[in-house]
Amino acid sequence: MVPTAHYLILGAVLFSIGSFGVLFRRNAITMFMCVEIMLNAVNLTLIAYSRSLQQVDGQIFVIFVMVVAAAEASVGLAIIVVLRKRQGTLDVDSIDNMKW
């Protein structure tokens, strides 16, 4: 049986990788994937605590996070596709307006 601390360390590492990706990468798709890594790190942490406390509250929160992540993925990818189509780039520094 793997101790809970190992899951928490893995979650912290994944969250750090995701946050560095969001902060330092300029490609919209890469930033989008880094947000997904951060959400999965939170899910891993919630499941680890849920298992260690022998309660299902963390698993219920994970389901909510997964639903929010699915909605975020659909809306985010639609925005990225429109930005690519209209401005021809995915560099977030060159995208300075959201006007139609």
Side-chain angles (χ1 to χ4, degrees):
M1 185 165 183
V2 179
T4 304
H6 291 172
Y7 292 112
L8 297 179
I9 291 170
L10 179 61
V13 168
L14 287 174
F15 194 85
S16 298
I17 291 171
S19 61
F20 281 121
V22 168
L23 291 175
F24 296 117
R25 299 298 298 234
R26 300 288 60 147
N27 188 325
I29 293 288
T30 305
M31 293 173 71
F32 193 71
M33 288 189 304
C34 289
V35 169
E36 295 293 328
I37 290 173
M38 290 169 39
L39 289 173
N40 284 326
V42 170
N43 284 342
L44 180 64
T45 303
L46 288 171
I47 290 293
Y49 275 123
S50 176
R51 195 188 96 191
S52 70
L53 297 175
Q54 299 294 324
Q55 294 181 351
V56 295
D57 296 344
Q59 295 172 2
I60 294 170
F61 280 122
V62 167
I63 291 172
F64 285 131
V65 169
M66 290 173 72
V67 168
V68 170
E72 176 249 340
S74 62
V75 173
L77 284 176
I79 291 171
I80 288 171
V81 167
V82 169
L83 286 174
R84 170 74 173 125
K85 189 175 179 181
R86 290 186 180 264
Q87 301 202 359
T89 183
L90 290 177
D91 186 16
V92 293
D93 288 334
S94 64
I95 301 168
D96 57 353
N97 63 3
M98 297 287 284
K99 293 179 183 177
W100 288 95

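- The only option from R86, K85, R84 that meets the side-chain contact (heavy atoms from CB on, under 4.5 Å) definition with V82 turns out to be R86.
- The closest donor-acceptor contact from the side chain of T45 to the backbone of A41 lies under 3.5 Å.
- F32 contributes atom CZ, which lies 12.5 Å from atom CG of N27 (distance to the nearest 0.5 angstrom).
- You'll find the side chain of R25 stays beyond 4.5 Å of the side chain of F20, heavy atoms only.
- Contact annotation: the side chain of F15 never approaches that of I37 to less than 4.5 Å [non-hydrogen atoms, C-beta and beyond].
- V62 and M38 fall within a single hydrophobic cluster, where Ile, Leu, Val, Met, Phe, Trp and Tyr are joined by side-chain heavy atoms under 4.5 Å apart, directly or via other members.
- Rounding to the nearest 0.5 Å places CZ of R26 at 5.0 Å from CG of D93.
- Inter-residue side-chain proximity for L14 and N40 is flagged as unmet; no heavy-atom pair is nearer than 4.5 Å.
- When the side chains of ILVMFWY residues are joined at heavy-atom separations under 4.5 Å, either directly or via intervening members, L83 and I29 end up in two distinct hydrophobic clusters.
- Considering all non-hydrogen atoms of both residues, S94 and T89 come closest at OG-CG2, 3.1 Å.
- A pairwise comparison of heavy atoms in A73 and E36 identifies CB-OE2, 4.3 Å as the closest pair.
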Report the C-alpha distance between F61 and N43 in whole Å, list the side-chain angles of each, state the deciding distance to 0.1 Å, and finish with yes or no for side chain to side chain contact (heavy atoms under 4.5 Å, CB included).
CA-CA 8 Å; F61 280 122; N43 284 342; over 6 Å; no

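- There is a path of hydrophobic side-chain contacts, each under 4.5 Å, that joins L90 to L77.
- Closest approach of S50 and G58 over heavy atoms only: CB-CA, 3.8 Å.
- Transitive grouping of hydrophobic side chains (ILVMFWY, heavy atoms separated by less than 4.5 Å) brings L46 and V35 into a common cluster.
- Atom CZ of R51 is surrounded by more than 12 heavy atoms from other residues, nucleotides or ligands within 6.0 Å.
- Under the 4.5 Å side-chain criterion, counting only non-hydrogen atoms from C-beta, I79 is in contact with V75.
- Residues M31 and V92 meet the side-chain proximity criterion, which asks for heavy atoms closer than 4.5 Å.
- Of all heavy-atom pairs between T4 and A48, the closest is CG2-O, 3.8 Å.
- Contact record, L44 with Y7: CD2-O, 3.7 Å, taken as the closest heavy-atom pair.
- Minimum interatomic distance between G21 and C34 (heavy atoms only, all atoms of both residues): CA-SG, 3.4 Å.
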